[in-house]
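Presented below is the structure to which this report refers.
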Amino acid sequence: MLDARQIRAYPEEVKEQLAKRGIAGALDGFLGLDEERRQILGQVEELKSFRNSASQEVGRKKKEGQEPTELMEKVRQIGQEIKVLDDQLKATEAKIETILLNIPNLPHSSVPVGEDEASNVEIRRWGDPRQFGFEPLAHWDIGVNLDILDFERAAKLSGTRFTVYKSAGARLERAVINFYLDLHTGEHGYREILPPFMVSADCMQGTGQLPKFAEDMFKLEGKEMYLVPTAEVPLTNLYREEIIGPGQLPIYLTAYTPCFRAEAGSHGRDTRGVIRQHQFNKVELVKIVEPENSYEELEKLTRDAEKVLQLLGLPYRVMLLSTGDMGFSAAKTYDLEVWLPSYKEYKEISSCSNCEDFQARRANIRYRLAPKTKPQFAHTLNGSGVAVGRTVAAILENYQQADGSVVIPEVLRPYMGGLDLIKA
RNA sequence: GGAGAGAUGGCCGAGUAGGCUGAAGGCGCUCGCCUGCUAAGCGAGUAAGCGGCUAAUACCUGCUUCGAGGGUUCGAAUCCCUCUCUCUCCGCCA
C-alpha cells in the first residue's frame, strides 16, 4: 500500500512512477476523495469536540441539582448530525481504501522500464550449460522412465498439474528441502519456521495477494481461509500488527511449505512435468529490516538463494526484472533462472524482491529504533531459496546419463542415505 | 460439538449504583540524582492512529481507540445485542 500522504504531497511524481508499470490511471479519484475525507473529518471532529464538553457540562449541572434539558436536547441533535457525517466518512474511507489496496508498489529507480519480460536485464551468469553427448530427455520422461515421478496416478488422485513422487524421487524432494533449510539456517543465519499452511484473508491482504489476486489462490469452502501460495505470506505476517522493539532487526526467517496455486490464466503453459503445478514445495526466505539497509539486504538475500544452485552445480543466471514483469508488492526483483536442457533455456527457479514498506504498511509491521522514538514501517523482503520441484527437475535434466540414470549431486548424497545414482 | 470463564497500555493488573479514567498500582524501559564498582535508593518521563497548525516525523491543539461491530444515553472500559479469539471441563480425534 502506498502512503496516502505521499500521494497527496507529490501526486504527479507518484503518477509518473505508476505509468512505468502501465497504470497511470490507478490514482484517479484518489485526490478528490482524500480532500472529501479531510473535509468531513474536520466537521465531525468539531461536532464531537462540542459534544464532549457539553456532556461534561451536563454532568456538572446535574451534580448541582439542575436539569439542563435544553442543552441535553441540543447535544442529542448534534449526535444525529455526527451519526450522518460518520457514515459519510466511513463510505469515503472505504472508497479510498479500495483504490489504495489495488495500486501496486512503485518501482525502485534502478529498475528498467519495460512492458514485459523482454525488458528484463541479465545481471550475471554462473556455470556453463553442460554439453551432452546424446539427446537429453525432459525431466518428465526421465522421471517416468525411472518410476520416480507418476503423473498418471497424480491425475487420478487430483487432476492435472499434480505430481506423485515415488521412492528415490520422493527422497530427492525431501533431501532438497532439508539441504536448503540446513544451509540457510546453518550458514546464512535464518531462523527456521514451520508455519500453518492455511492463513486468514487478513494475511493475504497484508502481503498483497488480496484483494486483487483472489483467483490465483485456493480458498476453503465456507471459511475466510486460504491455502498458502508461498511461505512469504505466513512468514511476513508473523509480525503483522506488531511494533518490533529496538535491537530486534534485522529478522531473517526461512520456512519450508508446500505452495498452492490455482494457476488461473495459465492454461496451456508448461503443461508437462513439474514446472507449473497446483501444489509444489518451496523453501522461502523472508527478511524484515530497517529501510536504510533494505537494498543491501536484497543483494545478500539473492546471493543466499544463488548459493544453493552453486552448491548443486546447476547453471543459472540472475535477471533484474523490468517494471512490466514485477509482482504487485515488489519495488525491485531479481529472478534466478536455472538452465533446463529440455527447454534449452533458463527457467525461473527463484524470485527475490524488496517490497520496501509496501507490505509493512498493509500489514502494519513497524519497528522502533530506540525506546520512546516514533515507530516506523519496516522494509520486508522475500525470496525463494529456492523452488524445490523445479530444483528436482533441474537435477534430473542436468545430471542425466546416456543410459537414463541420474547422478545425485554430491551435496545431496548425505541426505539420500549415501545414494549417488538413481537408476531404473 | 456441549458447558463455563475471560479479552484493559511493552508486560502484569485495578477499574460495574455509566460522568475530570487514556485509564490506579506494579514491573519493564528512558533521563537525571545519589552510593568510590555492583546491588539497593530518590526524582521525572514513558501508547498508537488520524486531523489542524507547521519547514518539521519538533511544539501546541482536536478527534478516535479499554477484542471487533452495532445499540441505549446528554455522556459507556463500565448497561444491552451480535461476532471473533483465548482459557478450563466434557465429548470426539492424529
Side-chain angles (χ1 to χ4, degrees), chain A residues 1-10 30-97 99-101 194 196-206 220 222-226 234 237-249 251 288 290-292 356-357 360-379:
Chain A
M1 190 153 63
L2 303 184
D3 180 2
R5 275 182 290 198
Q6 187 196 355
I7 303 176
R8 192 187 300 154
Y10 308 103
F30 173 83
L31 290 175
L33 288 166
D34 182 59
E35 179 57 39
E36 183 179 314
R37 170 178 164 272
R38 278 179 300 152
Q39 193 257 327
I40 299 171
L41 190 60
Q43 287 181 41
V44 201
E45 289 190 349
E46 199 174 319
L47 292 177
K48 284 182 177 173
S49 181
F50 172 80
R51 180 175 67 181
N52 288 343
S53 51
S55 294
Q56 286 185 12
E57 178 77 15
V58 170
R60 255 196 308 276
K61 293 233 163 105
K62 284 202 167 186
K63 214 165 261 179
E64 293 168 9
Q66 303 181 42
E67 196 60 26
T69 20
E70 327 90 65
L71 185 55
M72 282 165 66
E73 179 54 30
K74 185 168 180 194
V75 177
R76 192 207 308 277
Q77 282 170 11
I78 299 263
Q80 299 302 319
E81 289 179 46
I82 289 175
K83 201 168 286 182
V84 172
L85 286 172
D86 263 341
D87 287 345
Q88 285 180 27
L89 188 62
K90 223 176 276 184
T92 305
E93 284 177 342
K95 285 184 205 161
I96 291 172
E97 182 162 352
I99 292 177
L100 250 26
L101 285 176
L194 183 59
F197 301 160
M198 294 180 256
V199 297
S200 69
D202 287 339
C203 289
M204 289 298 189
Q205 183 173 103
L220 301 197
K223 305 253 185 202
E224 282 306 307
M225 296 274 279
Y226 296 80
N237 277 286
L238 276 179
Y239 291 92
R240 185 160 51 87
E241 305 292 342
E242 289 194 27
I243 297 174
I244 299 162
Q248 306 278 297
L249 298 183
I251 293 170
I288 300 175
E290 291 174 27
E292 293 68 37
E356 297 191 359
D357 65 3
R361 212 174 273 287
R362 291 179 156 243
N364 203 18
I365 301 169
R366 292 171 294 172
Y367 75 101
R368 220 188 284 275
L369 207 52
K372 283 183 69 175
T373 57
K374 206 172 160 56
Q376 50 185 313
F377 291 112
H379 279 195

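Quick note on labels: first sequence line is chain A, next is B, and so on, each numbered from 1. The figures that follow rest on heavy atoms only: side chains count, while hydrogens, waters and symmetry mates do not.
Atom CD of A:Glu241 is separated from atom C1' of B:A48 by 11 Å (rounded to the nearest Å). Per the geometry, CD belonging to A:Glu242 stands 10 Å off P belonging to B:C11, to the nearest Å. If you take CD of A:Glu224 and P of B:C85, they are 12 Å apart, rounded to a whole angstrom. For A:Ile244 and B:C29, the CD1 to P distance is 21 Å, given to the nearest whole Å. The interatomic distance linking A:Asp86 (CG) with B:C50 (P) rounds to 18 Å, in whole Å.
Residue A:Arg8 is classed as a sugar-phosphate contact, given heavy-atom separations below 4.0 Å to backbone atoms only. In this structure, A:Pro68 reaches neither bases nor backbone, as no heavy-atom distance under 4.0 Å exists between it and the strands shown.
Summarising the local packing, CE of A:Met225 is surrounded by more than 12 heavy atoms from other residues, nucleotides or ligands at distances under 6.0 Å. Summarising the local packing, CD of A:Glu241 is surrounded by more than 12 heavy atoms from other residues, nucleotides or ligands at distances under 6.0 Å.
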* Contact state string [nucleotides 59-75 of chain B, B base, S sugar-phosphate only, - no protein heavy atom under 4.0 Å] -> ---BBS-----S-S-BS

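Ion pairing of A:Lys61 with A:Glu57 is present here, as a side-chain N (NZ or NE/NH1/NH2) and a carboxylate O approach within less than 4.0 Å.
Considering only side-chain N and O atoms, A:Lys374 lies under 4.0 angstrom from the phosphate OP1 or OP2 of B:G49.
Pairing for B:A5 is with B:U86, a Watson-Crick or G-U wobble pair whose two hydrogen-bonding atom distances lie under 3.5 Å.
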